[in-house]
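Just below is one structure, and these are the notes that go with it.
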Amino acid sequence: MNARPCHIAQVNIGRARAAIDDPVMSGFVARLEEINALAEASPGFVWRLKTEQGDATSLQPYEDERILINLSVWQSPEHLRHYVYKTAHAEAMRQRRQWFERFNDVYMALWWIAPGHIPTIAEAKERLAYLQLHGETEFAFSFASLLGKSVTGTAPPSNATSPLATAVHS
């Protein structure tokens with residue numbers, strides 16, 4: 001098999017304390033453009049989910065309209081980790097309880113993708129659901145494990161099948 005370089009996709013979801021236009025969410029909304037611009041200007045940034053308004057707050061990936069989604073692609077886990085924990089994003093994360101309820105289920109997942117692949121919301125939801133049901137594997141994992149990382153950071157073969165899809169179609 002030919003080793004191909006990988007990018008890393010990340011999804012995280014959160015249940016807002018109120019509708020996005022509620023005063024409770026004003027601090028979050030006030031920082032959104034700044035934090036999104038910071039991501040896009042960060043080393044290793046590749047892509048993020050956004051609408052024509054420049055963010056993803058109007059998207060409703062779940063029946064619960066207060067669940068917001070963040071989906072992005074980075075050149076490496078190191079680039080993503082730096083953005084998440086070593087920039088102004090970390091300060092915003094420390095304030096998240098002001099704007100988001102505690103989430104009891106899996107709310108973040110990482111997975112390897114081939115460069116050029118843009119993950120869909122459906123794909124992101126599948127990774128979260130898989131991680132919730134099966135724990136950390138090469139299919140979906142967290143910063144804590146970073147399973148599936150090889151020395152060269154190679155993507156799975158292009159004919160690799162989703163374990164969830166395999167289970168559903170068996």
Side-chain angles (χ1 to χ4, degrees), residues 1-15 28 31-51 54-57 59 61-62 67-94 96 100 103-168:
M1 174 177 75
N2 242 355
R4 297 178 291 145
C6 283
H7 285 165
I8 193 155
Q10 77 78 33
V11 61
N12 66 79
I13 58 174
R15 186 164 195 274
F28 172 77
R31 304 247 6 228
L32 199 52
E33 188 175 335
E34 166 203 353
I35 298 300
N36 286 337
L38 175 63
E40 291 181 354
S42 291
F45 172 83
V46 175
W47 172 88
R48 71 178 174 87
L49 179 65
K50 62 183 176 179
T51 65
D55 62 50
T57 58
L59 300 175
Y62 295 92
I67 294 180
L68 302 181
I69 187 168
N70 175 285
L71 177 59
S72 62
V73 175
W74 296 79
Q75 290 176 355
S76 73
E78 293 79 17
H79 286 114
L80 174 59
R81 188 186 316 260
H82 183 269
Y83 165 72
V84 170
Y85 298 112
K86 304 286 186 191
T87 68
H89 178 271
E91 177 190 330
M93 277 184 37
R94 285 190 289 275
R96 71 184 174 272
F100 292 93
F103 212 79
N104 292 325
D105 291 333
V106 169
Y107 59 88
M108 191 275 290
L110 305 171
W111 67 100
W112 297 111
I113 61 171
H117 175 71
I118 302 298
T120 64
I121 291 174
E123 182 181 346
K125 289 174 64 176
E126 179 184 25
R127 302 297 173 140
L128 286 166
Y130 187 87
L131 190 55
Q132 179 73 34
L133 291 172
H134 303 284
E136 303 205 22
T137 68
E138 290 182 3
F139 188 72
F141 48 91
S142 70
F143 277 124
S145 68
L146 279 173
L147 291 174
K149 181 181 179 185
S150 71
V151 174
T152 58
T154 57
S158 58
N159 63 349
T161 305
S162 148
L164 191 57
T166 303
V168 170

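At a threshold of 4.5 Å between non-hydrogen side-chain atoms, the residues Pro61 and Lys125 count as touching. Met108 has its side chain within reach of Ser142: a pair of non-hydrogen atoms, C-beta onward, lies under 4.5 Å apart. Residues Arg48 and Asn36 are in side-chain contact: their nearest non-hydrogen atoms beyond the backbone lie under 4.5 Å apart.
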How far apart are the C-alpha atoms of Ile35 and Tyr83, what are their side-chain angles, what is the distance that settles it, and do they pass the side chain to side chain contact (heavy atoms under 4.5 Å, CB included) test?
CA-CA 10 Å; Ile35 298 300; Tyr83 165 72; 3.1 Å; yes

Are His134 and Phe139 close enough, and set up right, to give a side chain to side chain contact (heavy atoms under 4.5 Å, CB included), and what steps lead you there?
CA-CA 10 Å; His134 303 284; Phe139 188 72; over 6 Å; no

Run the side chain to side chain contact (heavy atoms under 4.5 Å, CB included) check on Val11 and Trp111 step by step: do they pass?
CA-CA 9 Å; Val11 61; Trp111 67 100; 3.7 Å; yes

Check step by step if side chain to side chain contact (heavy atoms under 4.5 Å, CB included) holds for Glu123 and Ile113.
CA-CA 11 Å; Glu123 182 181 346; Ile113 61 171; 4.3 Å; yes

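With sequence neighbours left out, the side chain to side chain contact (heavy atoms under 4.5 Å, CB included) criterion links Ala37 to no other residue.
In terms of heavy-atom proximity, Thr57 sits nearest to Leu68 at O-CD2, 3.7 Å. Ala90 and Tyr85 get closest at one heavy-atom pair: CB-O, 3.6 Å. Contact detail for Pro119 and Trp47: the closest heavy-atom pair is O-CH2, 3.7 Å. Counting all heavy atoms, side chain and backbone alike, Val73 lies closest to His7 at CG1-CB, 3.8 Å. In this structure, Gln10 and Leu80 approach most closely via the heavy-atom pair CB-CD2, 3.8 Å. Counting all heavy atoms, side chain and backbone alike, Pro115 lies closest to Cys6 at CD-CA, 4.3 Å.
A donor-acceptor pair is defined here as one N or O able to donate and one able to accept, closer than 3.5 Å; no such pair exists between the side chain of Arg127 and the backbone of Leu110. A donor-acceptor contact shorter than 3.5 Å links the side chain of Arg96 to the backbone of Met93.
Within the structure, salt bridge (Lys or Arg N to Asp or Glu O under 4.0 Å) pairs that include any residue of residues 104-120 do not occur (at least two apart or interchain).
The CG atom of Asn70 sits 11.0 Å away from the CG atom of Leu59 when rounded to the nearest 0.5 Å. Ile67 contributes atom CD1, which lies 7.0 Å from atom CZ of Arg15 (distance to the nearest 0.5 angstrom). Here the straight-line distance linking atom CZ of Phe141 with atom CD1 of Ile8 works out to 4.0 Å at 0.5 Å rounding. Expressed to the nearest 0.5 Å, how far CG of Leu131 lies from OG1 of Thr137 amounts to 7.5 Å.
For the pair Arg31 and Glu34, the salt-bridge criterion is met [side-chain N within less than 4.0 Å of a carboxylate O].
Using cut-offs of 30° and 60° for the angle between ring planes, the Phe100 and Phe28 rings count as perpendicular.
Aromatic ring centroids of Phe45 and Trp74 lie under 6.0 Å apart.
Counted within 6.0 Å of CD on Glu40, heavy atoms from surrounding residues, nucleotides or ligands total more than 12; the atom is thus considered enclosed.
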